[in-house]
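Remember, it's a predicted structure, so these values are computed and weren't measured experimentally.
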Amino acid sequence: MVPRQQQPLLPSFLYAPPSGATGGREAPPAAVVAGAPSEPPFGKIEMFSPAYYAAGAVGGAAACGFTHAAVTPLDVIKCNIQIDPAKYKSTSSAFGVVMREQGLRGFYRGWAPTFLGYSAQGAFKYGLYEVFKKKYSDLAGPEYAAKYKTLIYLAGSATAEVFADIALCPMEAVKVRVQTQPGYARGLRDGFPKIVRSEGYAGGLFRGLVPLWGRQIPYTMMKFATYENIVEMTYKHLIPTPKDQCSKPLQLGVSFGSGYVAGVFCAAVSHPADNLVSFLNNAKGATVGDAVKNLGLVGLFTRGLPLRILMIGTLTGAQWVIYDSFKVMIGLPTTGGSPAPTTVPMEGQAELKASA
């Protein structure tokens, strides 16, 4: 009995060349850089060079800055539900309250610190992730880097996020204050100096740093490790064609889908800390104990969670599409779908030179 051939789960036109493209003859295998255009507009960028890491920072800034600014209305609603649940009882009622009291402009309060803060965070997050992923892979060596690649994704993303949150924290403090206290300030221009004058740099702008680490480090670890593994499983089990032979639109579709799923996990893992950050940045002199007492243990884990899952899932999917689109545009491969990067051992380099 002849075994049935497994059918692909995606339509073949996404990854197979047109039937007439080879004139009925089998085409020779082409050397394709994963998702990269044949003539990059800025010249060839060597993998793991300073230019490569700088490109990661630029792509990360664009991915995080624009996406977070775009979902400012959802962020306004989420923060107000977290801070004042008696007034903002549900997502739908919160939209009505903001519209009645502040008008359409109220949904975009805090967009400037959001854009600047998350652009800086994205530059450090993505740029340093590429740095530390490579560094930890080299320290582990080829065998252990392949065997424990998920641990490398986790360690690389966690280390990068430590620095990224230091860049984000001042703008996050201004954003929450502007969004949840109408009349406190109109935006970044007057909100930033007002916080500094009344509470100082450390007490005002960086008071929420530890809770921010508590929110963002688990979030980012989940974001990168889940994304990398989902992409790898997608190309291994769902698409019957090697990644470097798939079309660029398909690769970017995988980036969005994998990013969205990763974002759902991110939101659930980091939500308690997100509630703490919003509470501490809103209430002057408040402590973590005050936040837990006010929100309750169940509220700490669930208040605003459905809206945040919607926001973060969409946000994370869009971020990976923007980041990978930028990489494709400058001639670099999309993220994921291959083992963690490692350097060739010295003895392997000698063999390569001898065979050249």
Nearest heavy-atom neighbours spanning [X] and [Y]:
| X | Y | answer |
| --- | --- | --- |
| Gly187 | Val174 | O-CG1, 4.4 Å |
| Phe163 | Leu128 | CB-CD1, 3.8 Å |
| Gln179 | Asn80 | O-ND2, 3.3 Å |
| Val269 | Pro272 | O-CD, 3.9 Å |
| Thr314 | Phe256 | O-CE1, 4.4 Å |

Starting from the C-alpha separation in whole Å, work towards a yes-or-no answer on salt bridge (charged side-chain N to carboxylate O under 4.0 Å, His left out) for Lys133 and Glu228.
-> CA-CA 12 Å; Lys133 182 170 71 168; Glu228 294 259 20; 3.0 Å; yes
Electrostatic pair [X]-[Y], nearest N-O below 4.0 angstrom:
| X | Y | value |
| --- | --- | --- |
| Asp75 | Lys78 | yes |
| Glu130 | Lys135 | no |
| Arg177 | Glu199 | yes |
| Glu232 | Lys149 | yes |

Can you tell me how far OG of Ser119 sits from CE of Met171, rounded to the nearest 0.5 angstrom?
->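 Those atoms lie 11.5 Å apart.
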side-chain contact (heavy atoms from CB on, under 4.5 Å) assessment of His271 paired with Asp274 | CA-CA 5 Å; His271 192 65; Asp274 183 62; 4.3 Å; yes
With side-chain contact (heavy atoms from CB on, under 4.5 Å) as the test, would you mind laying out the steps for Lys125 and Phe224 before giving the verdict?
-> CA-CA 10 Å; Lys125 183 199 299 277; Phe224 282 88; 3.7 Å; yes
Quick one: do the [X] and [Y] side chains pair a donor with an acceptor below 3.5 Å?
| X | Y | value |
| --- | --- | --- |
| Thr226 | Tyr153 | no |
| Thr316 | Lys223 | no |
| Ser255 | Asp324 | yes |
| Arg308 | Ser270 | yes |

How about Phe124 and Tyr129: are their ring centroids closer than 6.0 Å?
->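 No, ring centres 6.0 Å or more apart.
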Under the side chain to side chain donor-acceptor pair (under 3.5 Å) test, residues paired with Thr67 that sit two or more places apart |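 With sequence neighbours excluded, Thr67 shows a side chain to side chain donor-acceptor pair (under 3.5 Å) to Gln319, given in chain and number order.
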Salt bridge (charged side-chain N to carboxylate O under 4.0 Å, His left out) between Glu172 and Arg215: does it pass, once the steps are laid out?
-> CA-CA 12 Å; Glu172 181 77 359; Arg215 181 188 80 184; 3.3 Å; yes
With sequence neighbours excluded, tell me which residues meet side-chain contact (heavy atoms from CB on, under 4.5 Å) with Ile309.
->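 Scan of Ile309 (side-chain contact (heavy atoms from CB on, under 4.5 Å), adjacent residues dropped) gives Val264, Ala267, Leu305.
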